[in-house]
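Below is one structure, written out as structure tokens, with a few remarks after it.
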Amino acid sequence: MMFENVVFLAKFLEACNNVFVKGVVLAIAMDTFLGCLRAAKFHKWNSSVGIDGGIRKAGMLVSVFFLVLVDMLLHFNALGLCGSEMQGVLARAGITNLGVAEFFCIVYVMYEATSIIKNMLLCDLPVPAGLKDKLAHWLAEMTEETKVDVVAVVEGEKKK
């Protein structure tokens, strides 16, 4: 029984050791770091926002690990739906499985990337000027994540 548990744990850890899971962990860490920088810059530490964000990020990680287990049990691989040429390209990039967990990892990374971009703009990190304006307007149209008007902040920096 003990040996079976060790084998299962080894397979689980191997399944978690892919570019998608690592991408989610990296995106969460980056967003948390930039969110702390943003709070420090504006001198606005909001514990309820921080707790909500922490719970959301923990939920993302728990769901990813749960979905890795689901993929292990169901052996679902959407790469079978792709052509052999696409499978070869992805295999060279180290992607040999595309299950439910990987799909949600992509969604979570996109979600975190939006927050990372917003935090970068609000922290006034170096972003090319033309791109900065486009990103600020895109964020203003596409998100209501915070009550901060990103466009006003970015345009206010231009006036300085």
Side-chain angles (χ1 to χ4, degrees), residues 2-42 45-128 131-132 134-136 138-139 141-146 148 150:
M2 173 85 164
F3 181 71
E4 291 171 356
N5 291 339
V6 171
V7 170
F8 179 77
L9 181 62
K11 287 182 180 181
F12 175 73
L13 292 174
E14 181 182 339
C16 288
N17 187 23
N18 71 43
V19 69
F20 296 99
V21 175
K22 290 176 184 177
V24 169
V25 172
L26 180 65
I28 287 173
M30 186 76 163
D31 184 44
T32 302
F33 175 72
L34 289 172
C36 290
L37 282 180
R38 175 179 157 195
K41 178 183 179 186
F42 290 103
W45 292 92
N46 188 335
S47 61
S48 64
V49 171
I51 290 170
D52 289 345
I55 291 170
R56 185 178 62 245
K57 289 171 187 347
M60 284 182 196
L61 291 174
V62 168
S63 69
V64 165
F65 294 134
F66 173 75
L67 290 170
V68 166
L69 287 173
V70 169
D71 283 343
M72 286 174 61
L73 295 173
L74 297 179
H75 302 290
F76 178 75
N77 188 358
L79 286 182
L81 303 173
C82 299
S84 59
E85 187 176 320
M86 178 61 85
Q87 287 179 9
V89 169
L90 293 172
R92 285 192 292 278
I95 300 170
T96 57
N97 188 38
L98 191 61
V100 178
E102 287 81 9
F103 171 76
F104 276 90
C105 285
I106 293 167
V107 172
Y108 290 155
V109 167
M110 289 178 3
Y111 178 80
E112 289 295 306
T114 303
S115 182
I116 289 168
I117 292 168
K118 181 177 277 189
N119 286 331
M120 284 178 63
L121 291 174
L122 293 173
C123 287
D124 198 27
L125 292 175
V127 177
L131 182 60
K132 191 174 201 175
K134 288 178 184 174
L135 287 173
W138 179 80
L139 286 169
E141 288 178 24
M142 300 301 282
T143 68
E144 293 179 8
E145 188 176 288
T146 64
V148 176
V150 180

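Note that the coordinates shown come from a computational prediction; the quantities given were computed from them, not determined experimentally.
- Here the CG-CZ distance, from D71 to F104, works out to 10.5 Å after rounding to the nearest 0.5 Å.
- Within the structure, salt bridge (Lys or Arg N to Asp or Glu O under 4.0 Å) contacts touching residues 84-102 (residues at least two apart or in different chains) do not occur.
- Here the straight-line distance linking atom CZ of R38 with atom CG of L125 works out to 12.0 Å at 0.5 Å rounding.
- Within 6.0 Å of the CE atom in M30, the count of heavy atoms belonging to other residues, nucleotides or ligands does not exceed 12.
- For S115 (side chain) and Y111 (main-chain N/O), no donor-acceptor pair under 3.5 Å exists by modelled atom type.
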Apply side chain to side chain contact (heavy atoms under 4.5 Å, CB included) to the pair F65 and V21, showing each step before the final yes or no. CA-CA 9 Å; F65 294 134; V21 175; 4.2 Å; yes
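- No side-chain heavy atom of L61 sits less than 4.5 Å from a side-chain heavy atom of Y108.
- Residue L34 comes nearest to C123 through the heavy atom pair O-SG, 3.8 Å, listed as atom of the first residue, atom of the second, then distance.
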Atom pairs and distances, donor-acceptor, side-chain atoms in residues 76-84, under 3.5 Å, two or more places apart:
residue : atom : partner : partner atom : Å
N77     : OD1  : L79     : N            : 3.1
N77     : OD1  : L98     : N            : 2.9
N77     : ND2  : T96     : O            : 3.3
N77     : ND2  : N97     : OD1          : 3.3

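- Separating the CG atom in D31 from the CG atom in L26 is a distance of 11.0 Å, to the nearest 0.5 Å.
- Closest approach of E112 to I28, counting heavy atoms only: OE1-CA, 3.9 Å.
- With salt bridges taken as basic N to acidic carboxylate O contacts below 4.0 Å, none links D124 and K41.
- For A101 against V64, the heavy-atom pair with the smallest separation is CB-O, 4.1 Å.
- Note: I116 CD1 to L121 CG = 12.0 Å, rounded to the nearest 0.5 Å.
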